[in-house]
Number of protein chains: 6
Amino acid sequence: MNGEAWKRLRKTADSISDMSIRGAGKIARAAANALADLARDWDGQSPEDLLADISKAASILHETRPSAVSLRNGILLTLRDVEKQDSIDGMKELLMMRSDEFISSSHLALEKISQFGAKRIRKGSTVLTHCNSSAALSVIYQAFKDGRVDEVYSTESRPWRQGHITARWLAEREVPVTMIVDSAVRHFMNDMDIVCVGADTITANGAVINKIGTSQLALAAHEARTPFIVCAETYKFSMETLMGSLVEIEDRGPKEVADPLEPDDFPGVRFKNPVFDVTPPEYINSIVTEMGVISPYMATEIIRGMFQITGPISMERGNEDHKWFREM
Amino acid sequence: MNGEAWKRLRKTADSISDMSIRGAGKIARAAANALADLARDWDGQSPEDLLADISKAASILHETRPSAVSLRNGILLTLRDVEKQDSIDGMKELLMMRSDEFISSSHLALEKISQFGAKRIRKGSTVLTHCNSSAALSVIYQAFKDGRVDEVYSTESRPWRQGHITARWLAEREVPVTMIVDSAVRHFMNDMDIVCVGADTITANGAVINKIGTSQLALAAHEARTPFIVCAETYKFSMETLMGSLVEIEDRGPKEVADPLEPDDFPGVRFKNPVFDVTPPEYINSIVTEMGVISPYMATEIIRGMFQITGPISMERGNEDHKWFREM
Amino acid sequence: MNGEAWKRLRKTADSISDMSIRGAGKIARAAANALADLARDWDGQSPEDLLADISKAASILHETRPSAVSLRNGILLTLRDVEKQDSIDGMKELLMMRSDEFISSSHLALEKISQFGAKRIRKGSTVLTHCNSSAALSVIYQAFKDGRVDEVYSTESRPWRQGHITARWLAEREVPVTMIVDSAVRHFMNDMDIVCVGADTITANGAVINKIGTSQLALAAHEARTPFIVCAETYKFSMETLMGSLVEIEDRGPKEVADPLEPDDFPGVRFKNPVFDVTPPEYINSIVTEMGVISPYMATEIIRGMFQITGPISMERGNEDHKWFREM
Amino acid sequence: MNGEAWKRLRKTADSISDMSIRGAGKIARAAANALADLARDWDGQSPEDLLADISKAASILHETRPSAVSLRNGILLTLRDVEKQDSIDGMKELLMMRSDEFISSSHLALEKISQFGAKRIRKGSTVLTHCNSSAALSVIYQAFKDGRVDEVYSTESRPWRQGHITARWLAEREVPVTMIVDSAVRHFMNDMDIVCVGADTITANGAVINKIGTSQLALAAHEARTPFIVCAETYKFSMETLMGSLVEIEDRGPKEVADPLEPDDFPGVRFKNPVFDVTPPEYINSIVTEMGVISPYMATEIIRGMFQITGPISMERGNEDHKWFREM
Amino acid sequence: MNGEAWKRLRKTADSISDMSIRGAGKIARAAANALADLARDWDGQSPEDLLADISKAASILHETRPSAVSLRNGILLTLRDVEKQDSIDGMKELLMMRSDEFISSSHLALEKISQFGAKRIRKGSTVLTHCNSSAALSVIYQAFKDGRVDEVYSTESRPWRQGHITARWLAEREVPVTMIVDSAVRHFMNDMDIVCVGADTITANGAVINKIGTSQLALAAHEARTPFIVCAETYKFSMETLMGSLVEIEDRGPKEVADPLEPDDFPGVRFKNPVFDVTPPEYINSIVTEMGVISPYMATEIIRGMFQITGPISMERGNEDHKWFREM
Amino acid sequence: MNGEAWKRLRKTADSISDMSIRGAGKIARAAANALADLARDWDGQSPEDLLADISKAASILHETRPSAVSLRNGILLTLRDVEKQDSIDGMKELLMMRSDEFISSSHLALEKISQFGAKRIRKGSTVLTHCNSSAALSVIYQAFKDGRVDEVYSTESRPWRQGHITARWLAEREVPVTMIVDSAVRHFMNDMDIVCVGADTITANGAVINKIGTSQLALAAHEARTPFIVCAETYKFSMETLMGSLVEIEDRGPKEVADPLEPDDFPGVRFKNPVFDVTPPEYINSIVTEMGVISPYMATEIIRGMFQITGPISMERGNEDHKWFREM
């Protein structure tokens, strides 16, 4: 039996669960790899058994972070059409090929995004960013290397202050960077030439779910006619939302908000600490993906492109995607 | 001859004309059924004759309510590709199959919409609706059964007061419901969590034609950042508008507006009584269809999906659709 | 004793209570007259007694419609500075003079408003009005006589349908008039050249409280860049709101909204029937008063003008106004 | 000589300088008191000498916090018309009276504001506040005691986190309070019924200068049609801005923004730390002052009221105010 | 008789008529001077005769440019309270004093405006202006001298191209200036820090009537959150509009619009050539007057200040102003 | 060798360069024709040589106007799939067929657009247009012939005044036409029923690049709720922008802006003269193309339709398009 392969897969799942593997791209690639690894070593007897085991593995991986859209998409893209193969070998080969494809295209995506997005920034620009998005930073840094960026403003991004990481990362690369508190965004907006952020999830109607505060940047940018662009690999787009699902927004509890030096010193005070907020598409000029720079309203087409669905939108798609996770 | 089949078809046409068959879904399904019924009994000699008769039948049915987009779509979907068959039998079979498909998918659509749409309503919501849309009510009622709806506000919906039907329908199902006059919409908007309405027609650029007053709800919802969703089967989307046609809005005359107790007591007063108004896409967050929950700007793609057009938008499509109705 | 005068005053109070005297101007003038009538016949001994009786009378009148700003203002303007007189005769004379002043200036105001407001309507205009405001109609009719109005649109104004009165009043004067339902306002807004309505109360920060639906007209007019003007005598301005009071909006119960032919046929349905709504000043181009055509943001100055307060806004004013009503 | 009085005045000035006396009201009252104290003990020979000394004292006090509008106004109100007196005694008496007047009216103002403002909050409201304003908190707490407030949301208010003080103050008084980070404001705005903040300075055209982030609350409130009110004593209104001056916004340097645990760990990163931002009047529904609840556009009239200027706006006023500070 | 004085007055009137005296300030001062000149030499017998002659003279001057608000205000301010004098000498003296006052205060106003307005421009600003306003240019030039202006953009200002005069005037003073066509305003708006224009007339509700195109600058500035300020002496404010009058906008015919080289080469083409347009107050941040920098909504108070009307707004004022012109 | 064919191709290139062939459609068709002409006469030995020569020819033509999107699209459409043919004859045939297809479809497109667009104009409309667009004029003129247009307003369109050409063209066809200066657009907007313009380039996210001033028309139309439509053949849509490219906007120098009679009379004045500006999609109701009347947000789909790309958006497309131009 392939007990070892299962053991490795469960270890990968654990690493995703306990955040030792983290970041939207990394967890998706780890899952794709784990599935290929399992398929490679699988030594069962019938295609039906293989499909059952794949489905089980997919469900184990998916459950580690059930609301992470990149993880879900990584698994679905790895398993696409595998069930249509007749033979065990055909299935294994296709699955391993899909896994490779996903992993390499995921690496390519960031490069494409940095190339496409950098062109959107005019020479001499001051750019505002929020939190710490590798896609947004790759665009900004590419534009800086192309001689287009004069200065970057980074918000602090409470409660985690990922803006500190962003500011240090840019400063190390000698990009002039200024840090401001989150509530100073509107105050400085008229001095910005463009706002450039990342995304956690993008919905079928073009809304962007990202780090709390993103929608305030977008609102202030819209008020001041400052372009607002979002940088995101296509695996951030959520097919689930096409079926009506709302993206649940996690509340991470009081610790991060309360003063770290005196965490218990707020008797009677309640804390709310949502991780993300929702930026509506009307405040977003463009989304920069590896498939091109598009209007947020094209989100549905990006989802179709990601799954290489040739035909028109149809009713069946949604259920099909769920099949891999039904077993659990 | 199949005189009986023609007689039945004309009877169906008459029932649509005189409103004994009414409602967007019902008239479309009746027409699809009538075409299949005619094809089944058709006993002519050549494929050409069959096509000519089908075209004649299509035109008779279409003329009963020439501006009803669902009727037109029901006929076109039933006749899709029939002309590409070589034999009489092939044509008859395809037409009957298409008719069945349309009828059953039309029944399924409402169920899908209620499932998708209900997910858009957050737990504890107060929902505002307008007029009496079965798609909107199916969404609201499903959400109520899922424990998400606390209360529904229904406008009166003058001049016909279909809000009365809506309020009674909800009250019978024990959904807490409050009725308000149409002009109180903005007054209560800040207490609403979401607005949920139906549609008569949806245009290629994403505008929604619906019961007079809908656009005021949408405007007031937009002013107050209250989500506004439209629930509509895909056969409400109009390909004609893609070819530039504006949707004509019927004026139903003074009787409904004047006091029913004293209809003639307005010497010198003119009445205008438009049935519908136009809600622009920028005030619509999502349209809930059986193909998914989409941005209104994806309307063109929904039209393509409805007709299962695989390729890109092209110039030819419009004329092709007209062919069935050229004869009349 | 002047028992007869008290009897007459109470009769006036009853007529205001039971709505046999109604209309903002009429009730205010009736109260002013009743106070003068009481003063004229008063035969007590000391100025203190007179003030006590006046205060009692003021309170009786005020209690008939405690939220009617015109009634309150009519009483306050009649009693202004009366307490500063030394003698009974001085008090009586001043009170009677103030009463006359208020009544005649109230009559003059409507004439001034029609003159000022008519000039705001350009030649060839189509005017939209709502409900049945004598100030708005006097402006529209004056403009019609001046050859500036081509046509008037009147909303139905549910639930009371005062639009019927408006339409008939205009038609009798041969003003071309068209009636529409309340929910058709946005549909027709692009065909309107100006919107002209009345007011029930105007607050210190320039908001207009008027017949339910007014704020929807204002919102739709703002969306379409159609000028929106409010016509109102200065006694509609509320000093109470300067002291922070919100204007309470009466709910008139289900009867007017439910079908008058079948009022009990709504088991389980709740009705909400607010009489007024609040139009924010940013949607109002001008308020036409007898003191001039002003920005709504000048409301505080109009209040000062009404009471002829020469100095700057001060802290004391509010309490002073309350003194007459403390007794009750 | 009155060396002792001068010593005391300089001590007061030092206390204001080194922030041992702080808060808009406290510094203004301390200055008013110091001037009266000096006048009481003054033992010079001529009215001219007295005026020169007063002017010197005024300038000393003013220089401690030259951009603090409350300090400036407190001094100006204390010295109003003193130069018009003929005799030394007349001058001393008027100055001491004005000082007393200012101090007591300043104490009264907060009580008035809490009474007026509390009425603006409807029963059952959830209120959002920012930073730690005594005027805003007095309004919210009064409304809570009146049974109108269900819950208060307090922003953290980086960089100083005065929201911690606010939250504790409310929690101690058993007002249900929830703390959120500054960037979560838009996320929660649809759940708020009103936003209530204080002000540092109010300009002649109605803009409010307040703690950094205030303008983002106002923008998000405006987007969601949530009322936004500002609570401020009249001595926060700046006559200087009527003469064209822009309010300079202090930048408090990097220390407060950088991580307090590792302040030096940001090589190459610049910090910008503005204390205040500017909220434009179009996002403000009302300003609650002790002179009434007004539109922000009435700011000029409040300035006139504060100085009891009876006549119209004129050219001379500005220079007059400057006279006391010319000496330095 | 004082035939010579009449002759001089008529000559002044003619010079205003034929535009040899032009510019809002110049024509107003010329009229004020002409009235004083007439009074000085007047040798009639009775105060009544003097008043009749003054009224006649006022009417002659007013008729030269009946829609020029500065001319009307100059005359009214010169004649203020003259009719209240008992004696001929008293009348003459007051009139001559008023004339002097108006002329000198009009000269002072521009200086004040340049001082106040220059402070509104932040260091390092790029300023956009339109047409050729001496008030706006005095502000911009003062700010340039204060080291606050980096560059000025001037629109061409078709049809008269007064932008050419503006650009040359600035270039002569070594202010860096760039000229753009009128339709490029929105294209460059995001590069502007402030927009600064003049005014022809300001209405009682705060709208600004100025050179055609001004309202497009204001709209584009508002869209981009760029401050928009208007510079205007108080004699540009129109009391007539307080009485409801709309400002008539002159159409100057086809010649200026058609190609000057081929004026007759447009058979069948109609031209419309309005001189001014109307900028609504919601797009104006401040109006810079010699009485201070105010919100446009304070226009009514400026009108009162100009005429030194101490009391509140009242009904009588309008008619009073008309008295001088009734005779003609 | 086919030296003659090369000579003809270079001559075509020269004519495009020197503007003797101009207009978006004409240059694209000329290039398509030149490529077919070259292929027809080509007498080389290997398919590889043919591809190399085609690529060289494509590059020569492309370089004549490298930023002209129609030229680029005409070449790409003519060369589509040519490289996939195995034989020289296959390549030549396909290329010539594609060339014919492009030329005839380009002629058809205008006719389609006029038919589709004319339906968008309601009976009795006043239409505003800008500059001189053949697509927009064909729509307006068709609508006029259909009895839908009462009057057309044409802007002057500085600096080139193409509005003169537009006005004469319409007047010759007896369409009532009125000319206005560019800065009068907002002044007249409330009298317009629809705005109808052309496009130079349309980007992947739906922005329209067109003659300077277009975006001001769109902004003013949006402010007044006046529909704004853009008429454009699909070859105006730019695939390059999908890859992130910003459309560079040419500055044509001072001559056109300075007075033609005194071009050198502006010492020290700088001129900026951008040819185009960018209208964001949120101000555009519909784009009328030969493939239908669509939302601007469907731009990506139009690009795919133009190249008949069946599958979803993908990463490869962009590079593929570049291949023909790599050689130069």
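In what follows, chains are A, B, ... by sequence order, proteins preceding strands, each numbered from 1.
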Chain B shares the most heavy-atom pairs under 4.5 Å, among C/Gly163, C/Ala184, C/Ser157, with C/Ala184
So, B/Glu223 side chain and C/Leu219 main chain: donor-acceptor pair closer than 3.5 Å or not? no
For the residue pair B/Phe276 and C/His187, is the inter-centroid distance of their aromatic rings smaller than 6.0 Å? no
What heavy-atom pair brings C/Ala167 and B/Val269 nearest, and what distance separates the two atoms? O-CG2, 3.8 Å
Between B/Asp182 and C/Ser183, what is the shortest heavy-atom contact and its length? CB-CB, 4.0 Å
Is it the side chain or the backbone of C/Phe188 that comes within 4.5 Å of chain B heavy atoms, both, or neither? side chain
Which answer fits C/Pro274, side chain, backbone, both or neither, if we ask what part of it has an atom under 4.5 Å from a heavy atom of chain B? side chain
Do you know which two heavy atoms are closest between B/Tyr153 and C/Lys272, and how far apart they sit? OH-NZ, 2.6 Å
Looking at C/Lys123, I want to see if its NZ is surrounded by more than 12 non-hydrogen atoms of other residues, nucleotides or ligands under 6.0 Å. no
Please determine whether the number of non-hydrogen atoms from other residues, nucleotides or ligands lying under 6.0 Å from atom CZ of B/Arg22 exceeds 12. no
Contacting moiety of C/Val278, where chain B heavy atoms sit under 4.5 Å: backbone
Flag the one option from B/Pro254, B/Ser215, B/Ala220 with the top tally of heavy-atom pairs under 4.5 Å to chain C. B/Ser215
Distance col, row C/Asn273:CG vs B/Thr178:OG1, nearest 0.5 angstrom, shows 12.5 Å
Sort C/Glu172 into side chain, backbone, both or neither according to what part of it lies under 4.5 angstrom from a heavy atom of chain B. neither
Whatever's closer than 4.5 Å to a heavy atom in chain B on C/Ile249 counts as side chain
Distance (rounded to the nearest 0.5 Å) between C/Glu156 CD and B/Arg158 CZ: 3.5 Å
Heavy-atom pairs under 4.5 Å with chain C are the metric here; pick the option from B/His130, B/Arg270, B/Glu151 that has the most. B/Arg270
Given the options B/Thr214, B/Val175, B/Val181, which has more heavy-atom pairs under 4.5 Å with chain C than any of the others? B/Val181
Can you name the closest pair of heavy atoms from C/Val257 and B/His164 and give their distance? O-NE2, 4.2 Å
To the nearest 0.5 Å, how far apart are CG in C/Leu217 and CZ in B/Arg186? 11.5 Å
Looking at B/Gln216 and C/Gln216, would you say the former's side chain and the latter's main chain have a donor-acceptor pair under 3.5 Å? no
